[in-house]
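From a predicted model like this one, the values you see are computed outputs, not experimental measurements. These values consider heavy atoms only, across backbone and side chains, with no hydrogens, waters or symmetry-generated copies. Chain naming here is simple, since letters A, B, ... match the order of the sequence lines and numbering starts at 1 in each.
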Amino acid sequence: MSDTILEIKDLVVHYVTDRTTVRAVNGISISLERGESLGLVGETGAGKTTTALSIMQLIPDPPGRIVSGEIRYEGEDLVAMSPARKREIRGNQVSMIFQDPMTALNPVLTVGDQIAEVVRLHQKISRAKATVKAQEMLELVGIPGERYPEYPHQFSGGMKQRVVIAMALACDPKLLIADEPTTALDVTIQDQVLDLIEKLMTGSGTSLILITHDLGVVAEICQKAAIMYAGEIVEYGTLPHIYQNTQHPYTVGLFGSVPNLNEDVDRLRPIKGLMPDPTEVPAGCVFAPRCPEASAECSAAPAPVVEVEPGHFVKCHKRRGGGSK
Amino acid sequence: MSALIEVRDLKKYFKTPKGNLHAVDGVSFGIERGKTLGVVGESGCGKSTLGRVTIHLLEATSGRIFFEGKDISQIGGAEVKRYRQDMQMIFQDPYSSLDPRMSVSNIIAEPLRIYRKCRDEAELGAQVGRLMDRVGLARRLADAYPHELDGGRRQRIGVARALSLNPKFIVCDEPVSALDVSIQAQILNLMQDLQAELDLTFLFITHNMAVVKHISDEILVMYMGKMVESAPSGSVFAERFHPYTKALLAAVPVPVLGGKKERRLLKGEISSPVNPKPGCRFAKRCEFATELCSAEEPPFAEAKPGHRVACHHVKSINALA
């Protein structure tokens with residue numbers, strides 16, 4: 001058996017309404033090794049969360065639909081799988097940390113019961129043992145086990161996010177998807193949560209997909225990064241590829257937009273314009289209307305995926321020669 | 001040169017069933033015309049309350065506010081209205097700070113109508129058009145409604161509305177926090193351009209360290225309603241005298257490989273600002289804290305010229321003379 005835990009091939013996800021079709025994800029491919037962590041970076045509407053929900057098989061249908069493509073988890077195609085088998089995997093081997101800890105928890109159940117529920121659903125153990133396990137999980141994320149019978153509103157934002165993490169990790173998942181796990185948190189609390197995720201990863205050999213818009217967070221805990229724009233992956237590679245040999249004009253624009261603590265610039269270099277409306281994706285390269293390097297060929301045909309160096313893929317007409325200009 | 005706006009020992013307490021919540025507790029600052037003071041801190045540190053009290057959106061519990069040298073801390077009613085022309089605000093959330101039932105042109109025109117700045121509708125329309133041009137909004141959007149526009153455009157409406165009365169001073173409360181990074185950069189550039197053109201003075205409130213460093217001349221770091229450090233922008237980041245500032249800056253992820261070496265994990269969380277105990281409010285989370293810290297409140301004093309810090313141990317921690 002290979003060591004690839006997750007392989008996504010040409011995934012296309014649409015949200016179909018009476019009037020329009022929202023092309024949320026347009027043919028993305030990702031592969032993830034055991035123990036590897038991948039950062040999925042992009043702005044609002046890039047299709048990051050839709051990708052995550054596809055892996056979890058939680059796309060709301062209708063209106064959402066996986067139009068084509070495969071999502072192979074340890075060789076099994078999640079898309080074609082029976083609902084019963086999906087339930088066995090979901091929350092057990094593949095689990096997700098949701099973005100907003102304030103709404104991801106049930107306000108009328110104690111946090112302990114919510115964690116124990118996951119354990120009891122997937123493991124044939126008694127209620128008493130599940131309770132013990134839930135307390136262990138709370139301790140693991142730095143919350144005293146005695147707080148088991150408390151309700152979500154009694155916890156602060158950072159603590160709630162820890163509870164959500166404890167829930168996601170309760171069954172020792174092989175693949176963890178974290179959707180903006182720290183976006184709602186203050187930086188010092190974010191630091192604590194990232195540290196926690198990093199420690200838990202190194203101990204267990206779990207693979208991680210971290211969804212974020214923050215290139216700084218990716219630089220801290222990921223090994224690979226995929227930059228998403230308008231439903232496509234425009235650049236994909238290891239962190240040194242993305243951070244030190246940035247190729248795609250959108251990625252360059254992202255870096256230029258963020259003020260950096262370590263260097264001084266008088267003016268930021270933002271990307272012009274706005275992301276295209278996902279109901280009307282441009283015919284050629286999706287980034288062409290905003291791209292400083294765009295020429296006629298860019299808006300004529302979709303950009304090809306070019307491997308500029310081994311393992312570093314860029315979806316751009318202008319990089320076809322291989323390497324940078 | 002004297003400051004355009006100055007506050008001295010400003011306090012704002014909120015009454016709660018459990019006691020007084022010390023949202024802002026003895027803050028003083030001055031901003032010179034055309035400059036930007038950045039106020040940073042985590043949620044709940046009182047930075048938004050500070051902005052609101054400064055321009056009389058909330059009444060201060062005590063302390064004094066001077067605008068162009070005049071004490072405006074006690075004014076009320078009609079006088080507040082008069083001063084509000086010079087002091088405007090840009091709000092954090094471009095989704096909830098615009099009336100969903102007003103068109104873009106009406107939102108921008110509303111302050112002009114209230115203050116009767118234009119003789120007739122034609123003049124008003126022309127003025128709104130000029131404001132839209134100024135903030136980079138296409139004039140064809142004049143009849144659109146906020147829900148039809150994206151966050152970046154909505155925030156431009158907020159900026160145009162704040163500019164409509166030609167204010168001298170603008171409180172910007174997290175104006176870019178709700179925006180995507182590429183849009184955030186567009187708005188920050190716009191604000192810097194407007195500041196240069198119109199000689200505006202900003203009080204810029206944010207939790208984003210990189211943004212505050214980029215836009216500010218002076219920086220004030222707050223923790224639980226107290227000032228912990230204030231200095232010119234460069235020195236705060238280069239020197240980071242206060243242990244909280246050190247921890248805060250160390251926690252910021254930097255988009256550079258190997259940009260961050262050690263995690264200086266800050267233990268615990270902000271405790272409740274309701275009836276705070278005496279002593280340094282940061283003492284419980286501070287790695288350098290001693291008995292003195294929990295007994296006595298540290299003075300907010302100069303550690304070196306122009307750089308003030310509220311810490312008992314600032315000299316020993318930073319090896320200062």
Worksheet item: What part of A/Met159 gets closer than 4.5 Å to chain B, counting heavy atoms only: side chain, backbone, both or neither?
Response: both
Fill in: Inter- and intrachain pairs under ring-ring contact (aromatic ring centres under 6.0 Å, His included), touching residues 211-234 of chain B, at least two apart
B/Tyr223-B/Tyr244, B/Tyr223-B/Phe282
Practice prompt. Walk me through it: do A/His312 and A/Tyr236 pass the test ring pair (Phe, Tyr, Trp, His ring centres under 6.0 Å)?
Written response: CA-CA 6 Å; A/His312 185 183; A/Tyr236 179 48; 9.4 Å; no
Practice prompt. Select one option (side chain, backbone, both, neither) describing which atoms of B/Leu188 are under 4.5 Å from chain A's heavy atoms.
Written response: side chain
Discussion item. If we count only N and O atoms by modelled type, under 3.5 Å, do the side chains of B/Asn318 and B/Glu239 hold a donor and an acceptor together?
Written reply: no
Item to complete: Let me know if B/Asn189 has heavy atoms under 4.5 Å from chain A in its side chain, its backbone, both or neither.
Response: both
Discussion item. Show, in sequence, the C-alpha distance, side-chain angles and deciding distance for A/Phe287 and A/His248, and conclude whether the ring pair (Phe, Tyr, Trp, His ring centres under 6.0 Å) test is met.
Written reply: CA-CA 10 Å; A/Phe287 189 59; A/His248 197 281; 5.8 Å; yes
Item to complete: Select one option (side chain, backbone, both, neither) describing which atoms of B/Gln186 are under 4.5 Å from chain A's heavy atoms.
Response: both
Worksheet item: Taking atom CZ of A/Arg269 as the centre, does the number of heavy atoms from other residues, nucleotides or ligands within less than 6.0 Å exceed 12?
Response: no
Worksheet item: Taking the six-membered ring for Trp, are B/His22 and B/Phe14 ring centroids under 6.0 Å apart?
Response: no
Worksheet entry | Top of A/Val218, A/Leu254, A/Leu274 for chain B proximity - count of heavy-atom pairs under 4.5 angstrom | A/Leu274
Discussion item. Counting heavy-atom pairs closer than 4.5 Å to chain B, which one of A/Leu185, A/Val258, A/Val187, A/Ile242 comes out on top?
Written reply: A/Val187
Discussion item. I'd like to know which of A/Ala219, A/Gly256, A/Gly253 tops the heavy-atom pair count under 4.5 Å against chain B.
Written reply: A/Ala219
